[in-house]
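Numbers for residues simply follow the sequence, beginning at 1. From a predicted model like this one, the values you see are computed outputs, not experimental measurements. Each ligand, and each atom within it, is numbered from 1 in the order the structure gives.
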Amino acid sequence: MTYSSMLIHESHRKSSMWSKFRCKNSWIVLFLINAFVIQSILYYKEICKWDEIKQEIDIIMGNERITHTLAHSVLKRLHRIITGVDKDKLNLDENSGVIYAITPTFVRPVQKAELTRLSQTFMHIPNFHWIVVEDAPLETPLVTKLLADSDLTYTQLAAQTPKNYKLGRTDPNWKKPRGVEQRNAALRWIRDNLKTSDKGVVFFADDDNTYSIKLFNEMLKVKKVGVWPVGLVGGLMVEKPICDNATNKVLGFNSVWKPDRPFPVDMAGFAIGLNLLLENRDAWFSYEVQGGYQESAILQQLITKDQLEPLADCCTKVYVWHTRTEPPLLNAEQMLIKKGKRSNAGIEV
Ligand code: UGA
Ligand code: MN
């Protein structure tokens, strides 16, 4: 064999080894790629599976949360029933009478909002009778509908304030008394329709105040006249009777605004036993009293200061606030009205 033929033979041998090696390696690469793809698919499937499980767990936990809150409120309710906190609310005491709330109201942009807020508070009170008296010549459809939709026991009346006693649009609100005609119309209805054998209490619930449900539980304790603090009135955070803990008697009042009033309390700060009003058939509200003396005028005809019954934990709790709703700015609406395109055409607001 010549040297050159030896070289050729050697190169053939090398190339066949190389091709064998390449072939073997491609199998390994293919195998690895395959393994990687399979792993990826398995991994993806695993992720999907965990995702599904996570979603299922989320649903279960959501349901558990709902059940937990539900169980919690049922337990809370049961606790209140067992401990008697809800006695009046559930009307378990057959001696508790009817709460008659008298609300004067008049047409204005916020009227429906005010009455909706009130009605939805009053819906929580059992044995409740709402006497709504509109400052209008006749009952209006808006109030009629609101009451009919409310599920409340109610009486709708209309009693218009005489023109000479009605506040002008620019008059400050202290200039003339509000609610006189309407509250008297309600007192007349009460005296014409209820008997001394009826049990109840009468409260003057202006349409712009804010009432806690707790206030009504206090009212059910009233025999002659019950009193309690009122928040945000008379220039104070709270205007309240000063109550003596030892005797549970009213010693005086903390009022700063017209403190010399015989009864320096706001209309929202007292309730009158139904019997007291039926026995004193001549007790009325009056136009002939100074501004801020409406409350004193009616109470003076019924009771003396020492007979007042302090409520709301000896007048230490605030369950009613003399909130006053700001009239909304409707300047854009005025422009639309001029163009005959009011925003509430066909919509009751
Ligand atoms: C305060 C007292 O909280 C009122 O109970 C009291 O009648 C009034 O002063 C007063 O001295 O006459 P204030 O917030 O200034 O209250 O009175 P409003 O809330 O403006 O009016 C009392 C009630 O009368 C409300 O329910 C209101 O809707 C009604 N009202 C007002 C009318 O029926 N017609 C009107 O023209 C104005
Ligand atoms: Mn008011």
Side-chain angles (χ1 to χ4, degrees), residues 100-119 121-122 130-140 142-143 146-147 154 156-187 189 202-211 215 227-236 238-240 253 255-258 261-272 284-300 318-328:
Y100 295 92
I102 297 172
T103 301
T105 186
F106 67 111
V107 174
R108 64 211 191 272
V110 298
Q111 185 182 29
K112 188 175 180 183
E114 303 279 39
L115 294 176
T116 299
R117 192 179 70 248
L118 255 61
S119 71
T121 300
F122 297 160
W130 197 12
I131 306 177
V132 179
V133 195
E134 292 186 70
D135 188 353
L138 284 173
E139 289 84 353
T140 63
L142 183 145
V143 177
L146 186 135
L147 289 170
Y154 65 87
Q156 184 186 6
L157 304 171
Q160 192 167 27
T161 304
K163 276 222 162 58
N164 49 328
Y165 289 116
K166 188 89 178 167
L167 274 180
R169 267 163 58 88
T170 51
D171 283 345
N173 72 334
W174 45 261
K175 206 160 174 196
K176 286 174 186 153
R178 277 131 287 141
V180 172
E181 205 69 27
Q182 296 74 34
R183 294 186 190 111
N184 280 343
L187 290 180
W189 182 91
V202 177
F203 172 59
F204 301 102
D206 288 355
D207 65 358
D208 54 345
N209 294 337
T210 306
Y211 305 95
L215 180 66
V227 285
W228 49 74
V230 178
L232 315 177
V233 74
L236 296 175
V238 57
E239 201 180 63
K240 64 186 184 75
F253 302 86
S255 321
V256 175
W257 185 71
K258 299 194 179 180
R261 287 175 290 165
F263 289 87
V265 294
D266 184 74
M267 201 66 77
F270 64 92
I272 305 170
W284 301 102
F285 288 94
S286 162
Y287 289 109
E288 308 308 323
V289 299
Q290 280 184 58
Y293 277 66
Q294 285 300 328
E295 297 84 352
S296 295
I298 189 93
L299 289 174
Q300 274 183 305
V318 177
Y319 295 144
V320 55
W321 297 262
H322 185 253
T323 43
R324 306 193 75 237
T325 308
E326 186 184 0

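From the protein, the heavy atom lying nearest to atom 4 (C) of ligand 1 is Asp206 OD2, 3.1 Å. The protein heavy-atom contact nearest to atom 34 (N) of ligand 1 is Asp135 OD2, 2.8 Å. Lys166 NZ, 2.9 Å is the protein heavy atom nearest to atom 36 (O) of ligand 1. At the shortest separation from atom 1 (C) of ligand 1 among protein heavy atoms lies His322 NE2, 3.8 Å. Closest to atom 26 (O) of ligand 1 among all protein heavy atoms lies Pro104 O, 2.7 Å. Given atom 18 (P) of ligand 1, the protein heavy atom at minimum distance is Arg178 NH1, 3.9 Å.
Between Gln111 and Leu146, the closest side-chain pair of non-hydrogen atoms is not below 4.5 Å. Side-chain contact between Thr210 and Tyr319 is absent, with no heavy atoms from C-beta onward closer than 4.5 Å. Residues Leu157 and Val132 form no side-chain contact, since every pair of their non-hydrogen atoms from C-beta on lies 4.5 Å or further apart.
The two residues Gln294 and Pro177 make their nearest non-hydrogen contact at NE2-CB, 3.4 Å.
Neither the backbone nor the side chain of Glu114 has a heavy atom within less than 4.0 Å of ligand 1. At a 4.0 Å heavy-atom cut-off, ligand 1 touches Asp207 through backbone and side chain alike. Under 4.0 Å from ligand 1, not a single heavy atom of Glu134 appears.
When the options Phe285, Phe204, Phe106 are ranked by their closest heavy atom to atom 30 (N) of ligand 1, first place goes to Phe106.
Distances from ligand 1 to the non-hydrogen atoms of Asp208 include at least one value under 4.0 Å. Note on ligand 1: Arg183 sits in its first shell, one or more heavy atoms being nearer than 4.0 Å. Ligand 1 is approached by Asp266 to a heavy-atom distance shorter than 4.0 Å.
Neighbouring protein atoms of the Mn ion (ligand 2) (N, O or S, distance under 2.8 Å, waters ignored): Asp208 OD1, Asp208 OD2.
Remark: Arg261 is not positioned above the aromatic ring of Phe263, lacking an NZ or CZ atom under 6.0 angstrom from the ring centre and at most 45 degrees off the axis.
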